[in-house]
2 protein chains.
Amino acid sequence: MSLRGAILGFLSVEPTSGYTLKQRFDGSVRSFWSVTQSQIYRELHALEREGLVEARTEPGDGKPDRKVYSLTEAGRAALKRWIEEPLEPLVLRHPLLLKLVFAADAPPKKLDEILARYAADTESQRAEYEARLVDPRIFELARSTREREIWRLSIEHGIAWCDTELRWIERARGELSSERAGQKRASRKAK
Amino acid sequence: MSLRGAILGFLSVEPTSGYTLKQRFDGSVRSFWSVTQSQIYRELHALEREGLVEARTEPGDGKPDRKVYSLTEAGRAALKRWIEEPLEPLVLRHPLLLKLVFAADAPPKKLDEILARYAADTESQRAEYEARLVDPRIFELARSTREREIWRLSIEHGIAWCDTELRWIERARGELSSERAGQKRASRKAK
DNA sequence: GAATTCATGTAACTTGTTACATGATTTA
DNA sequence: TAAATCATGTAACAAGTTACATGAATTC
């Protein structure tokens with residue numbers, strides 16, 4: 001339902017082709033909603049079958065023809081319904097945490113290595129967000145000040161998430177590297 | 001691959017049935033890795049076909065028989081491989097952010113309502129984590145101080161995530177409620 | 001000359017969700 | 001007596017991933 005909503009959302013800004021739609025996703029919401037090209041084409045076909053979008057073929061000069069999709073009245077209504085309908089619950093799937101809890105008896109070095117690599121990845125993710133924050137291209141799509149404001153907030157959300165991850169990793173590495181720490185903390189449980 | 005790894009991980013602690021496995025998931029990693037009962041049975045069957053686990057049927061008195069699965073040598077090796085293999089990348093799917101970026105021209109009241117509801121959900125999520133932190137049942141599974149340490153860290157991760165969400169929501173609500181804020185921030189872009 | 005971009009799509013697969021079915025036992 | 005718990009499973013579906021195929025135009 002979220003994918004569908006997002007496609008309708010993008011099309012409400014401007015009619016576009018599947019190909020361009022994929023670029024829109026990648027260029028804006030990728031960090032909190034990634035999609036593959038197959039998903040987009042599949043969903044567009046479904047939306048067309050259901051009459052929520054309609055396509056018209058634009059001849060490409062030299063380039064292949066593009067099928068430009070636009071919202072129908074029904075599509076516009078569906079978008080509105082999607083915005084108003086209750087939020088789908090957030091489901092975190094965090095492979096690091098999962099692996100960590102089963103890697104307790106792996107050599108501490110291995111554990112620290114996993115954490116270090118994740119920290120590095122998170123660091124570079126953070127840098128990407130920072131770069132985005134000053135990249136005007138993301139804000140080009142925005143049709144209003146309010147929309148720009150929201151785009152910016154979404155990027156700041158990413159940065160805040162990275163910072164939290166980094167702080168947590170640091171703590172985890174500290175506590176898991178000192179053999180004492182475990183003992184000390186575990187005694188809390190006894191009281 | 002993560003689901004598989006986690007099942008192998010749980011079975012390495014102690015042979016169990018699919019039913020109990022589901023309870024293990026729900027009782028410990030649910031907040032960062034949720035599963036359905038169907039997934040577990042399906043994966044167990046696949047693991048059995050591949051010879052990574054083996055089942056023996058324990059008669060239940062009155063209750064239905066339980067099929068208790070345990071790791072084979074191959075299964076134990078597969079678990080080790082999973083721990084050592086590179087981490088699957090974290091993929092955030094954040095329905096709130098997605099909806100927000102397409103709800104910019106919905107009435108501000110609606111927007112604030114969405115954020116408020118999400119804040120409430122996050123608040124109660126946070127409370128759940130806090131409760132878990134002092135619930136000895138989660139730590140019962142742990143076979144070592146180190147394991148307990150990691151369980152605790154995973155819960156603290158959840159709390160940190162909730163706090164970050166809550167801070168962000170507060171900021172977002174503040175900035176989206178005052179019409180001025182948009183203007184002020186947007187001017188940054190100009191420089 | 002090789003790789004990338006534009007633009008469409010399909011097929012096969014994996015993962016995750018929802019809903020159903022069985023049937024005894026225990027609890028409210 | 002209705003419901004929840006124990007314990008298994010299947011079927012159908014929805015969503016997401018990977019890999020392939022076409023073919024002209026442009027860029028390296």
Side-chain angles (χ1 to χ4, degrees), chain A residues 1-8 10 15-27 29-50 53 55-69 82 88-95 98, chain B residues 1-8 10 15-27 29-50 53 55-69 82 88-95 98:
Chain A
M1 213 73 276
S2 284
L3 170 65
R4 169 166 291 217
I7 289 179
L8 294 173
F10 276 122
T16 35
S17 65
Y19 186 86
T20 311
L21 222 36
K22 164 71 168 143
Q23 295 182 319
R24 294 262 188 277
F25 271 94
D26 288 349
V29 301
R30 194 191 47 207
S31 54
F32 51 86
W33 207 278
S34 60
V35 295
T36 61
Q37 166 256 43
S38 306
Q39 270 183 292
I40 287 179
Y41 284 114
R42 182 170 50 197
E43 193 64 37
L44 279 174
H45 295 326
L47 287 167
E48 196 178 13
R49 267 200 311 280
E50 294 171 44
V53 304
R56 108 194 102 88
T57 306
E58 268 186 10
D61 51 328
K63 293 167 193 171
D65 295 355
R66 38 202 324 263
K67 280 174 80 176
V68 177
Y69 291 88
W82 175 66
E88 283 157 83
L90 177 92
V91 183
L92 254 210
R93 267 173 219 282
H94 205 310
L98 192 66
Chain B
M1 212 73 274
S2 285
L3 170 64
R4 168 165 291 213
I7 290 178
L8 294 173
F10 276 121
T16 34
S17 65
Y19 187 86
T20 313
L21 222 35
K22 163 72 169 146
Q23 294 182 318
R24 294 262 188 278
F25 271 94
D26 287 347
V29 302
R30 194 192 44 206
S31 54
F32 51 85
W33 208 276
S34 59
V35 295
T36 61
Q37 164 257 41
S38 307
Q39 270 183 292
I40 287 180
Y41 284 114
R42 182 170 55 197
E43 192 65 35
L44 279 174
H45 295 326
L47 286 167
E48 196 178 15
R49 265 200 312 278
E50 294 171 43
V53 304
R56 105 195 103 86
T57 305
E58 270 185 8
D61 52 327
K63 294 166 195 174
D65 296 354
R66 41 203 320 266
K67 279 173 80 173
V68 176
Y69 291 89
W82 174 66
E88 283 158 85
L90 176 92
V91 183
L92 256 210
R93 266 172 220 283
H94 205 309
L98 193 66

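The chains referred to below are lettered A, B, ... by the order of the sequence lines, with proteins before strands, and numbering in each begins at 1.
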Reckon [X] touches a base, only the sugar-phosphate, or nothing at all at heavy-atom distances under 4.0 Å?
X: Arg93(A); value: sugar-phosphate
X: Glu88(A); value: nothing
X: Ser17(B); value: sugar-phosphate
X: Thr20(B); value: nothing

Looking at [N], I'd like to know if its phosphate oxygens (OP1 or OP2) sit under 4.0 Å from a side-chain N or O belonging to [X].
X: Tyr19(A); N: dC6(C); answer: yes
X: Lys67(B); N: dG9(D); answer: yes
X: Tyr41(B); N: dT8(D); answer: yes

Distance in angstrom units between [X] [atom1] and [N] [atom2], rounded:
X: Met1(B); N: dT15(C); atom1: CE; atom2: P; answer: 7 Å
X: Ile40(B); N: dT15(C); atom1: CD1; atom2: C1'; answer: 14 Å
X: Gln23(A); N: dT8(C); atom1: CD; atom2: P; answer: 10 Å
X: Glu43(B); N: dG16(C); atom1: CD; atom2: P; answer: 9 Å
X: Lys22(B); N: dT5(D); atom1: NZ; atom2: C1'; answer: 15 Å
X: Lys63(B); N: dT27(C); atom1: NZ; atom2: C1'; answer: 13 Å
X: Asp26(A); N: dG16(D); atom1: CG; atom2: C1'; answer: 14 Å
X: Gln37(A); N: dT5(C); atom1: CD; atom2: P; answer: 14 Å

Please tell me if the side chains of Ile7(B) and Phe25(B) come closer than 4.5 Å, counting only heavy atoms from C-beta onward.
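Yes - at least one pair of side-chain heavy atoms lies under 4.5 Å apart.
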
Do Tyr19(B) and Tyr41(B) have side-chain heavy atoms sitting under 4.5 Å apart?
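Yes, their side chains come closer than 4.5 Å.
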
Under 3.5 Å, is there any donor-acceptor pair linking the side chain of [X] to the base of [N]?
X: Ser38(A); N: dT18(D); answer: yes
X: Gln39(A); N: dT17(D); answer: no
X: Arg42(B); N: dG16(C); answer: yes

In terms of side-chain heavy atoms, does Arg66(B) have a donor or acceptor partner in Thr20(B) at a distance below 3.5 Å?
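Yes, Thr20(B) and Arg66(B) have a side-chain donor paired with an acceptor closer than 3.5 Å.
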
Along DNA chain D (nearest heavy atom to each residue), the more 5'-positioned of His45(B) and Leu3(A)
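It is His45(B), whose closest nucleotide lies nearer the 5' terminus.
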
State plainly whether the residues Arg4(A) and Glu50(A) are in salt-bridge range, i.e. N to O under 4.0 Å.
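Salt bridge between Arg4(A) and Glu50(A), a charged N being under 4.0 Å from a carboxylate O: yes.
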
Please evaluate residues Arg24(A) and Thr16(A) with respect to the criterion side-chain contact (heavy atoms from CB on, under 4.5 Å), reporting the C-alpha separation (whole Å), side-chain torsions for both, the decisive distance (0.1 Å), and the verdict.
CA-CA 10 Å; Arg24(A) 294 262 188 277; Thr16(A) 35; 3.9 Å; yes

